[in-house]
Amino acid sequence: MTLQEYVQSIRDKRIAVIGAGVSNMPLIRLLLKNGCHVTVCDKRTLDVLGRDGEELVSLHAELKLGEAYLEGLDQDLIFRTPGLMPFDENLLAAREKGSVVTSEMEVFFQLCPCRTIAVTGSDGKTTTTTVISELLKAAGYTVHLGGNIGRPLLCDVPLMKKDDIAVLELSSFQLHSMSCRPNVAVITNISPNHLDKHKDYQDYIDAKMSIFARQESSDRLVLNLDDEHSPYYAAAAKSNIVYFSDKSAVKDGAFCLGGELFRVHDGKASKIMDAADIRIPGEHNVLNYLTAFCATDGLVNDEICRSVAMSFGGVEHRLEQVRTLCGVLFINDSIASSPTRTGAGLRAVKRKPIILVGGYDKHIAFDGLGDDLCRYAKKVFITGDTAEKIRSAIVASSLYAESPVPFEMIDNFRDAVYAAARAAEEGDIVLLSPACASFDHFKNFAERGNTFKKIVMELKDEDIGHHR
């Protein structure tokens, strides 16, 4: 079925689209311009929606806005926003009345005419997805990058050809209860995350299973050999499983031993490169490349893998070098929205940084983060809704008594960046790596990272500590 045929098939249905955000606005435009009756449900008011709200009015959408935006859902077809979980009581009530609940991404999988590679996990999703895309583009493929990264792809379906490849980053929110069958599914790792949204940790773990639940033996599932949850996933999978590891050799997949990266196909290992030659720093990026090598086996040869790894400069907001001022290097790692990813960033930089942490509370533990901050940070500036929890984790760390890392709690983000700059001396690193989501003060991690970069670019010599 083509996208136009799909839209025509639902023209006579009453349709609700929940959330007029980035992922749904193209879908809303498509439906309205094709004569569908669409109710747009959003918690924001018309004034807050701004230009998007004005556009919706001009397109004659029915609007249900404000705090009661989910009440009384009974449309034939409901497209949910990723942030609204399928077990929401309003969605459950709508299902009982006969509503079909779907999403932009679920429909994309139904209509996509080309091969798909989908990536999920707790850490490393964005870098791994981007590296896969870079590898495929270097090998000559036309690549469509989207999902939880880049742009929503449903409206791009008419542009896609059979030999193209869609590369998708998928969050647990998108995957929960979703029907999809990617040709290659990847789970980077699993650690507690988004427990503010999921029923519990098991619900989060199980949500990731949707990425491979409908795969067959002709499809590929890429798993982390060293992750404790991989046996659970492997036992439920029908697909062909390959593994990656930086601790031991694998029979099929990719591994790193002795500082060398290998890819294994049909039991035969071939060296791709030395880990030291990967351009973007950090042990976690060795894992990201191993994962990408597994996902693209049979599509991208070893030489291209080596060339991309040696030249690709990394993802925006992921250990992104922003500026050096008076000998102080400022690094933007805003995409680090979990404690484990911040820990990886701390270990990746060349010296103990002055770090900015804190943000939206996803109800995950900060015990390990407290240890990492004591072990790897020169000074910590704590901001955001999680400030008190992170402070408590630092003080409670068994390492704090032996080597107490200095810290300050500063509520205002701009003030915290300036304070970090004042604390810096020549040769220091100032690192934004929040270990938390951004939703307490920002729309997303990108807005937080861009705000950090804007503040850093405004800094003057006299704002650096040793110049005062």
Side-chain angles (χ1 to χ4, degrees), residues 19 21-23 43-44 80-85 88 119-127 129 147-150 169-176 188-201 203-205 207-208 284 315-320 331-346 355-370 372-373 380-393 409-414 416-417 431-453:
V22 173
S23 63
K43 191 174 184 179
R44 294 169 292 175
R80 70 176 180 91
T81 186
L84 181 67
M85 302 303 278
D88 175 87
V119 180
T120 194
S122 300
D123 299 316
K125 294 189 298 295
T126 300
T127 298
T129 305
N148 199 43
I149 181 178
E169 176 187 323
L170 299 179
S171 69
S172 61
F173 301 160
Q174 291 169 307
L175 284 168
H176 202 295
T188 59
N189 53 46
I190 298 292
S191 61
N193 208 346
H194 300 301
L195 300 188
D196 58 317
K197 293 283 189 179
H198 288 273
K199 296 176 182 177
D200 50 34
Y201 186 30
D203 183 63
Y204 172 73
I205 294 168
K208 300 291 188 182
H284 59 289
V315 178
E316 186 180 15
H317 307 298
R318 182 65 191 131
L319 291 176
E320 175 191 9
I331 297 178
N332 167 31
D333 196 31
S334 180
I335 205 170
S337 59
S338 69
T340 50
R341 185 50 59 183
T342 292
L346 281 165
I355 187 170
L356 294 113
V357 296
Y360 174 78
D361 191 355
K362 296 191 287 185
H363 302 301
I364 55 180
F366 291 115
D367 300 359
L369 179 66
D372 283 339
L373 293 172
V380 184
F381 287 89
I382 315 172
T383 187
D385 288 354
T386 55
E388 180 55 36
K389 285 188 173 183
I390 294 175
R391 184 205 68 80
S392 298
M409 298 173 67
I410 300 176
D411 184 58
N412 183 273
F413 185 77
R414 174 178 288 272
V417 176
L431 171 67
L432 170 68
S433 190
C436 303
S438 57
F439 308 127
D440 53 345
H441 296 297
F442 304 96
K443 287 192 298 185
N444 49 46
F445 73 83
E447 183 181 73
R448 176 173 60 190
N450 288 331
T451 301
F452 174 74
K453 290 194 285 185

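With values rounded to the nearest 0.5 angstrom, T451 atom OG1 is found 10.0 Å from L432 atom CG. Between atom CD1 of residue I390 and atom CE of residue M409 there is a gap of 9.0 Å, rounded to the nearest 0.5 Å. In this structure, CG in D385 is found 12.5 Å from CZ in F439, a value given to the nearest 0.5 Å. Atom CD1 of residue I190 and atom OG of residue S122 lie 4.5 Å apart, to the nearest 0.5 angstrom. Between D440 atom CG and T383 atom OG1 the span is 7.5 Å, to the nearest 0.5 Å. Remark: D411 CG to I382 CD1 distance equals 12.0 Å, nearest 0.5 Å.
Proximity of a side-chain donor or acceptor of K125 to a complementary backbone N or O of L170 within less than 3.5 Å is not detected.
Inter-residue side-chain proximity for F366 and C436 is flagged as met; some heavy-atom pair is nearer than 4.5 Å. Between L319 and L431 there is a side-chain heavy-atom pair separated by less than 4.5 Å. When side chains are defined from C-beta on, T386 counts as touching D361, because their heavy atoms get closer than 4.5 Å. Counting heavy atoms from C-beta outward, D123 and S338 have side chains that approach closer than 4.5 Å. Within the 4.5 Å cutoff, side-chain heavy atoms of R341 are placed close to those of R318. Looking at N148 and P82, their side chains never come closer than 4.5 Å, going by heavy atoms from C-beta outward. Within the 4.5 Å cutoff, the side chain of N189 has no heavy atoms near those of the T340 side chain.
A donor-acceptor pair shorter than 3.5 Å cannot be found between the side chains of Y360 and S337. Checking D372 against T342 by side-chain atom types alone, no donor-acceptor pair falls below 3.5 Å. In this model, no donor atom of one side chain and acceptor atom of the other lie less than 3.5 Å apart for R80 and H176.
Across P339 and I364, no two heavy atoms sit closer than the pair CD-CD1, 3.4 Å. Shown here for G449 and N332, the closest heavy-atom pair between the two residues is CA-OD1, 3.6 Å. Taking each heavy atom of N412 and R414 in turn, the nearest pair found is OD1-N, 3.0 Å.
The side chain to side chain donor-acceptor pair (under 3.5 Å) search around T188 returns none, not counting sequence neighbours. In this view, F381 satisfies the ring pair (Phe, Tyr, Trp, His ring centres under 6.0 Å) rule with no residue, not counting sequence neighbours. Taking the side-chain contact (heavy atoms from CB on, under 4.5 Å) definition, one finds that T126 meets it with T130, I149, E169, V315, I335, sequence neighbours left out. Taking F445 as the reference, H317 meet the ring pair (Phe, Tyr, Trp, His ring centres under 6.0 Å) condition, with sequence neighbours excluded. Partners of S23 under the side chain to side chain donor-acceptor pair (under 3.5 Å) rule, at least two apart in sequence or in another chain, do not exist in this structure.
Among residue pairs with one or both ends in residues 442-453, those qualifying as salt bridge (Lys or Arg N to Asp or Glu O under 4.0 Å) are E316-K453, E320-K453; sequence neighbours excluded.
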